[in-house]
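Accompanying notes for the structure given below.
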Amino acid sequence: MDFLMDQALLYTSKKYEEIYILFKDKYEIKYQELFLLCASLGFKKNREIKFSGHGREFRTNYLTTRQKATAYSIILSDMEIGKNIEAFEDSEFRLKARKKLEAYAEGGMEILVEEVFGHRWDGNRLDPSYGEYEVDVLSHIYGDAIEVPF
Amino acid sequence: MKLLKISLKNFRQFYGNQTIEFSYDDKNITIIFGENGKGKTGIFRALMFGLYGSTHIQQDNPKERIHLVNFIALEENANMPVEARVKVEIEYFGKKYELNRAVMGLKTGESIEERIQEVSLNVTDESGNYSADGITDPAEVSRIMNGILDESIKDFFLFDAEKIETLAKSDAKVREEVKKGIVKLLQIDKLENAIGILKKLQNSEKRRVLDGSQSLDLNRKQNEIDDLKKDIENTEEKITYKENNKVSCASEIEDIESRLAENEDVRKIQEKHAAAVEKKNIQIRLAKSKKDEIKNALSANGFNILMKDNYPSVKTYLDQILVDQKDLIPIEVIEKSLRENKCACCNNDLGLHMENLQYVEQLKNNYKRSELTPLISLISSGIHDFTLEEEEVKNGMNQKLADFREIKEGIETINKQLQQYETEIADKAQEQENLKQLEATLKDKKTMLHQLGVEIESLKNQLSQKEKDLLAKEKEFSRLLRENESLRIDSKVLQYIEDLKDKFATVFNEYSDEMRTKLTKETTAIFKELIDRKDKELINRIDINDKYEIKVLGWDGVDITQDISQGQRQVVALSFITSLAKVAAGGSSDINFPLFMDTPFGRISGNNRDHLIDNIPGLTSQWILLLTDTELSKTEEMRFKATNKLGKWYKLDQISNGHSKIVPMNINEAMATRG
């Protein structure tokens, strides 16, 4: 049932590959960490983008227990495929769920690009001479989290 | 190896017969003192000529002619051949070696012709038996000498100030020097050659395949690869060029600042400026460690903060699933009942009571839901744990972000203060006519330094992108080659060459990695002994990285190679050289090669000099120094004498133009000419 324990692959898009690489090389933020962050953001802001062409990849079993809990929460909360934990044993559903996570991660990254990275994103990669992306990202999601929703 | 004695006859400015005896064992320091132009480098040349027959040293332009025969002697014997001679005596593993080399000069009119003469090597064995017939075959002499101290690594033991300058820079040339040192010490130069040959073979095979092939795609791809390689080379050259500029720009700034410091008012502001810089560096490090905390918070809880509003509904859904499950009876009990056809709880015979059997079977069918329980508890407990710590996590994030902002504001304030000091220095300089120009240059140089830093950074980014592109293109090329049916065999041959090259490279890297680790350890240890105490804590490690660059890492692991002063850089270079010598000497605790240094203290500050003087005699078996007056003031002289290791003391006197005299001095005599 815990299908993220399998060694299935999760992909990021080619488009944002360089961002994943930069965060890994410069800040030691692993692919799965940035992926989950983006997936959570994409889900929260309801932005999912399907993509073709793979960039970076990692196996779902790299996710820690805490990270898995969040990934499952995203799947269970989704309007389209959510609230259906019984379906977790169905391999077709599993594939659909993984694609969902990927699409949210892609949407979340697009939000980061638009709202956080801004002009430092040249359409291909982030300006490597700037060194505070991690501060800006945390600042953004923290600011968003304490806003009172009306 | 011990250097015992060098005798010169009409060599360079040493007219007539002159001798230096080197000190060793307990008293292992020999100093040859001479102001500029009096012949210190002439002694260095004599040693290089005597030991290896070198007519040029590293600082010379190899295309330029270097005269070795004394001009006065030539003048006195116009149209007659004059012999210049160098005899070096050394000891190695109990044997004494006496090397004689000569060069014949002839002056006719204004032109001077010089011709290198025969060499002879006489060996006295451990029992004192002298070989009267010297070895005169130059190849044999060279073989013996290389066995004692390989010519290609001699530069690391017998070196001039130029060498330290070179190693103190951070450019491609240093990488080459460092790599050479490592390769020679490990004696893996043959392996390196093999890799080089395979590379060439690979290129020529590729060319051959391409020339014979009709594939436009392959040719196009190869052209792209060639262009990219050229582009990469160009970028690397640009980086080296700019890095050299940066180093000389920084040293010019240091020079100007020290000249400005001669003005009392300026010096006072400079001191305040330096204190502020120190403060700023501390803040920068604090900011870095705060950034690490922020990064950790982002990885550990960023996703939780984003998902926190959805967790309650997920939790409610999961709780409901658990309630709906109603799996109160464990599967083991159900299965046992069905297997034995008897209820495991009340012993009811299920064979007789069909309705009960159907009920138990139904229980089993429904049971599958409870397989969800571990997953539900995994998700629920994840959510539960975060709910418990949510406030703490949020406060922690807030605090870290606030701290970081505060530190940055602090740095901004210091920057303003620094600007203020710089303006004050400029104002003071403006008041004095002689400083005006200096100040203007300083400003330009600082702008230039900053600009260079930005340009280098951007070039390095471009370079790494291009290297990635190259790798992708090469992969693409290999794929095209494999897919081309008619080139199947050629593709296999190329693959074979590449595999072989990679295997050699792996062996090469394994050996050199080990040596790099050793050198990193030794260099750091020696550096810690040599550097001034106040700087000791600031620098954590001297790293020789996989690109053979000497990197200086600060107390927090940050690369500060570009930020250390020129003097500190020289101590780094000296530490590296000393550690190479030590590693070369094998397991023995001290270095069994003499360290022969020509004008080594140039830019090294007073405190650091003292440390070098105190410590190098303990690290090496023999230390021979050619020192100029600015390197040997009364302070250094006292320091040398205090080591109790000073054995021989010579002074170079200039009798006339082209005639220097080596004067042995009593070691108790005062020598320094400057205070």
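Numbered from 1 within each chain, the chains take letters A, B, ... in sequence-line order.
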About how many Å separate CD1 of A:I21 and OG1 of A:T12, when rounded to the nearest 0.5 Å?
8.5 Å
Looking at B:E389, B:Q320, B:E457, B:K315, which makes the most heavy-atom pairs under 4.5 Å with chain A?
B:E389
When A:P128, A:A69, A:S73 are compared by non-hydrogen pairs under 4.5 Å with chain B, the top option
A:S73
Starting from the C-alpha separation in whole Å, work towards a yes-or-no answer on salt bridge (charged side-chain N to carboxylate O under 4.0 Å, His left out) for B:K290 and B:E293.
CA-CA 5 Å; B:K290 202 44 84 180; B:E293 286 179 25; 3.2 Å; yes
Would you please say whether a donor-acceptor pair under 3.5 Å links the side chains of A:S13 and A:E106?
yes
Where on A:K44 is there a heavy atom nearer than 4.5 Å to chain B: the side chain, the backbone, both, or neither?
side chain
Between A:Y130 and A:R120, is there a cation-pi geometry (under 6.0 Å to ring centre, at most 45° from the normal)?
yes
Quick one: CE on B:M307 to OG on A:S77, what's the gap to the nearest 0.5 Å?
5.0 Å
Assess the residue pair B:K468 and A:E17 against the criterion (salt bridge (charged side-chain N to carboxylate O under 4.0 Å, His left out)); give the C-alpha distance rounded to whole Å, side-chain angles, the decisive distance to 0.1 Å, and a yes or no.
CA-CA 13 Å; B:K468 271 185 211 161; A:E17 182 175 26; over 6 Å; no
What are the residues of residues 24-42 of chain A, in order of number, with any heavy atom under 4.5 angstrom from a heavy atom of chain B?
A:Y27, A:E28, A:I29, A:E33, A:L36, A:L37, A:S40, A:L41
Hey, mind stepping through A:E80 and A:K100 against salt bridge (charged side-chain N to carboxylate O under 4.0 Å, His left out) and telling me if it holds?
CA-CA 10 Å; A:E80 191 190 334; A:K100 264 281 174 206; 2.9 Å; yes
Distance, nearest 0.5 Å, that separates CG of B:L459 from CD of B:Q462:
5.0 Å
Contact residues of residues 47-61 of chain A (partner chain B; heavy-atom separation under 4.5 angstrom):
none
Pick one of side chain, backbone, both or neither for B:K308, based on which atoms fall under 4.5 Å of a heavy atom in chain A.
side chain
Can you tell me if B:D543 uses its side chain to pair, donor with acceptor, with the backbone of B:N545 under 3.5 Å?
no
Rounded at 0.5 Å granularity, tell me how far CG in B:N301 sits from CD in B:E390.
10.0 Å
dist A:N84:CG -> A:D78:CG (nearest 0.5 Å) comes out at 11.0 Å
Of A:G108, A:S139, A:G82, the largest count of non-hydrogen pairs under 4.5 angstrom with chain B goes to A:S139
Using a 6.0 Å cut-off, check whether atom CD of A:E92 has over 12 heavy atoms from anything other than its own residue.
no
Residue among B:L378, B:D292, B:N296 with most heavy-atom pairs under 4.5 Å to chain A
B:L378
Taking side chain as everything from C-beta outward and backbone as N, CA, C, O, which of these in B:L375 sits under 4.5 Å from a heavy atom of chain A? Side chain, backbone, both or neither.
side chain
Just do the salt bridge (charged side-chain N to carboxylate O under 4.0 Å, His left out) check on B:K460 and B:E243 with the steps written out, would you?
CA-CA 11 Å; B:K460 280 188 175 168; B:E243 274 178 344; 3.3 Å; yes
Selection from B:D385, B:I305, B:N310 maximising heavy-atom pairs under 4.5 Å formed with chain A:
B:N310
Members of residues 394-409 of chain B whose heavy atoms come closer than 4.5 Å to chain A:
B:K394, B:M397, B:N398, B:L401, B:F404, B:R405, B:K408
Within 6.0 Å of NZ in B:K238, more than 12 heavy atoms from elsewhere:
no
Taking atom NZ of B:K466 as the centre, does the number of heavy atoms from other residues, nucleotides or ligands within less than 6.0 Å exceed 12?
yes
Check each atom of A:I75 against the heavy atoms of chain B and say whether the ones under 4.5 Å are side chain, backbone, both or neither.
neither
Those residues at least two apart in sequence (or on a different chain) that pass ring pair (Phe, Tyr, Trp, His ring centres under 6.0 Å) with A:F117 are A:Y133
When rounded to the nearest 0.5 angstrom, what is the spacing between OG1 in B:T316 and NZ in A:K83?
8.0 Å
Segment of B:F386 engaging chain A (4.5 angstrom heavy-atom cut-off):
both
Spell out, as yes or no, whether a donor-acceptor pair under 3.5 Å connects the side chain of B:S458 to the backbone of B:V454.
no
